[in-house]
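Quick note on labels: first sequence line is chain A, next is B, and so on, each numbered from 1. Worth saying up front: this structure is predicted, and the values here are computed from it rather than measured.
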Amino acid sequence: LITWNTLLYALGKAGELQDAYELFGELKAKGLKPDGFTYNAVINIVGSMGLVEEACILFSAMKEAGCKPDVYVYSTLVNRLSKAGYIDRAWTLFREMKEQGCEPNLVTYNTVISGLGKAGEMDEARNLLQEMKALGFDMDVITYNSMMDGLRRADQVDEALTLFQEMKDANVVADRVTYHILITGLCQESRVEEAWELFQEMREKKFVADLILYNILIAGLCRAGQVSRGETLMRQMRSDGCVPDVVTYNTVIGGLGDFGRYEDARKLYIEMKERGCSPD
RNA sequence: AUUAUUCUUGUA
């Protein structure tokens, strides 16, 4: 069974979702009894295929088969439900798990906090954070990132920055994702100078910017009316091994157009094609 | 310990 579970997990991780799901059918056909690991893997796989209802059916089947869901299975399904936009059902399941005596751990709390943030329910997220702390859990980098991203989505970038400071004070080390979230939020609000400062701080910490972050920054600069700076950054990103893609070019071409710099826009369009990037 | 959690960019 462990072999099957391992294979199932590997297929799921590799994105071979169909095969994985078929493997589950095969396993049952062989008369093997799926355990918590099996169900967890398969619920996660089915959920990531966008079939949440199917995942819920599997969850029920699991319980009917006398297999008690553990903290992993609950957390997985809570995650899948909130990813599918059913934050209320995720919340109900979270409550059910507590009622069943299955203690949520830090991952479970992070999952629900992130789900609430995506649903725009930051008040609930803050309450849950308090509950979590009261139970003695310390916020980790994922907790902070989830909270900050929720705040960013709710246009509460200053609150996110405050949390960033708290994070530093608590000696929780910011990672690449932390910087992405904050830089995205600042760009969103056209606060490009602050975004730029954080970008520098990020690089001092030896994090390498990726294509997406460059695109976010370039779009931020263009939106803030600093197209030339955006263009400069587009030239510099190659030194980080990032090749401008169709999104980068569209962003800068659009920015140039907004400022009436049609000739520059045209030149860039030609350059883009010369560099082998085809317009979409 | 074979399993779960955070960021994913451009547009009319």
Side-chain angles (χ1 to χ4, degrees), chain A residues 1-13 20 34-45 47-48 55 69-83 90 93-94 97 102 104-118 125 132 137 139-153 160 163 167 172 174-185 187-188 202 207 209-223 230 234 237 242 244-258 272 277 279-280:
Chain A
L1 184 62
I2 293 180
T3 313
W4 285 88
N5 285 349
T6 309
L7 191 54
L8 197 60
Y9 171 67
L11 282 171
K13 203 168 184 179
D35 66 0
F37 286 96
T38 321
Y39 278 111
N40 188 42
V42 105
I43 286 171
N44 201 19
I45 287 163
S48 61
D70 64 3
V71 62
Y72 285 88
V73 175
Y74 273 113
S75 304
T76 300
L77 193 54
V78 164
N79 181 37
R80 286 299 154 200
L81 283 169
S82 70
K83 285 252 161 57
L93 189 63
F94 179 58
M97 117 182 235
C102 181
N105 60 20
L106 183 59
V107 172
T108 320
Y109 277 102
N110 286 345
T111 306
V112 182
I113 287 172
S114 165
L116 289 168
K118 286 197 176 63
M132 184 191 116
F137 290 106
M139 296 173 75
D140 68 359
V141 62
I142 296 185
T143 320
Y144 279 105
N145 288 349
S146 302
M147 282 298 295
M148 290 188 296
D149 188 54
L151 291 166
R152 175 191 72 76
R153 286 175 195 271
L163 209 50
M167 174 182 188
V172 175
D175 65 6
R176 204 200 97 254
V177 176
T178 314
Y179 286 101
H180 267 230
I181 292 168
L182 294 173
I183 291 172
T184 303
C187 285
Q188 206 166 277
M202 183 189 110
F207 291 111
D210 62 11
L211 176 62
I212 293 182
L213 187 60
Y214 271 110
N215 285 346
I216 290 170
L217 261 169
I218 291 170
L221 288 167
C222 289
R223 197 174 330 117
M234 186 185 79
M237 64 195 275
C242 292
D245 67 352
V246 69
V247 174
T248 323
Y249 284 111
N250 280 348
T251 305
V252 179
I253 291 172
L256 289 167
D258 288 342
M272 157 183 178
C277 181
D280 65 357

* To do: Under 4.0 Å between any heavy atoms, over every strand shown, what does I212(A) touch: base, sugar-phosphate, or nothing? Just pick one.
  => base
* Looking at R223(A), does any N or O in its side chain come under 4.0 Å of the phosphate oxygens OP1/OP2 on U9(B)? -> no
* For D35(A) and A1(B), what is the distance between atoms CG and P respectively, to the nearest whole Å? -> 15 Å
* Asked: In terms of side-chain heavy atoms, does N105(A) have a donor or acceptor partner in T108(A) at a distance below 3.5 Å?
  -> yes
* **R153(A) side chain near U6(B) phosphate (N/O to OP1/OP2, under 4.0 Å)** => no
* Asked: Just checking R80(A): base, sugar-phosphate only, or nothing, at a heavy-atom cut-off of under 4.0 Å?
  -> nothing
* Between P of A4(B) and CG of N44(A), the distance in whole Å -> 7 Å
* Asked: Do R176(A) side-chain and C7(B) base share a donor-acceptor contact under 3.5 Å?
  -> yes
* Asked: Does the side chain of D140(A) pick up a donor-acceptor pair with the side chain of T143(A) at under 3.5 Å?
  -> yes
* To do: To the nearest 0.5 Å, tell me how far C222(A) SG sits from L217(A) CG.
  => 10.5 Å
* **Which nucleotide in U5(B), U6(B), U2(B) has an atom nearest any side-chain atom of T111(A)** => U5(B)
* To do: Specify the separation, in whole Å, of atom CD1 of I43(A) and atom C1' of U5(B).
  => 16 Å
* Asked: In whole Å, what is the span from the CG atom of L93(A) to the C1' atom of U5(B)?
  -> 15 Å
* Listed nucleotide nearest any side-chain atom of V107(A), set A4(B), U9(B), U2(B) -> A4(B)
* To do: Could you state the atom-to-atom distance from CG of L256(A) to P of U11(B) in whole Å?
  => 14 Å
* Asked: Looking at U2(B), A4(B), C7(B), which one has an atom nearest to any side-chain atom of H180(A)?
  -> C7(B)
* When we call it a touch if two heavy atoms are under 4.0 Å apart, what does N5(A) touch: a base, just sugar-phosphate, or nothing? -> base
* Euclidean distance, atom CG of residue L217(A) to atom P of U8(B) [Å, nearest integer] -> 15 Å
* Asked: How is D210(A) classified with respect to the nucleic acid when contacts are heavy atoms under 4.0 Å: base, sugar-phosphate, or nothing?
  -> nothing
* To do: Can you figure out which of A4(B), U9(B), U5(B) approaches the side chain of Y9(A) most closely?
  => A4(B)
* Structure fact -> Looking only at A4(B), U2(B), C7(B), the nucleotide nearest the I2(A) side chain is U2(B)
* So what does D140(A) touch, heavy atoms closer than 4.0 Å: a base, only the sugar-phosphate, or nothing? -> nothing
* To do: May I have the distance from Y144(A) (atom OH) to U5(B) (atom C1'), rounded to whole angstrom?
  => 17 Å
* To do: Mind checking T251(A) for me? I need base, sugar-phosphate or nothing, with any heavy atom below 4.0 Å counting as a touch.
  => sugar-phosphate
* Asked: How is K13(A) classified with respect to the nucleic acid when contacts are heavy atoms under 4.0 Å: base, sugar-phosphate, or nothing?
  -> nothing
* Asked: Looking at K83(A), does any N or O in its side chain come under 4.0 Å of the phosphate oxygens OP1/OP2 on U6(B)?
  -> yes
* **Plane angle bin for F207(A) and Y179(A) - parallel if under 30°, tilted between 30 and 60°, otherwise perpendicular** => tilted
* Structure fact -> So OG1 of T76(A) and CG of D70(A): to nearest 0.5 Å the spacing works out to 8.5 Å
* Asked: Considering only side-chain heavy atoms of N110(A), which listed nucleotide, U5(B), C7(B), U2(B), is closest?
  -> U5(B)
* Asked: Rounded to the nearest Å, what distance is computed from the CD1 atom of residue I142(A) to the P atom of nucleotide A4(B)?
  -> 12 Å
* To the nearest 0.5 angstrom, please state how far the OG atom of S48(A) sits from the NZ atom of K13(A). => 13.0 Å
* Asked: When you measure from the side chain of Y72(A), which nucleotide among U3(B), U5(B), U2(B) comes out closest?
  -> U3(B)
* Asked: U9(B), A1(B), C7(B): which one has an atom nearest the side-chain heavy atoms of F37(A)?
  -> A1(B)
* Structure fact -> side-chain contact (heavy atoms from CB on, under 4.5 Å) with N215(A): of V252(A), D210(A), T248(A), only one passes, and it is T248(A)
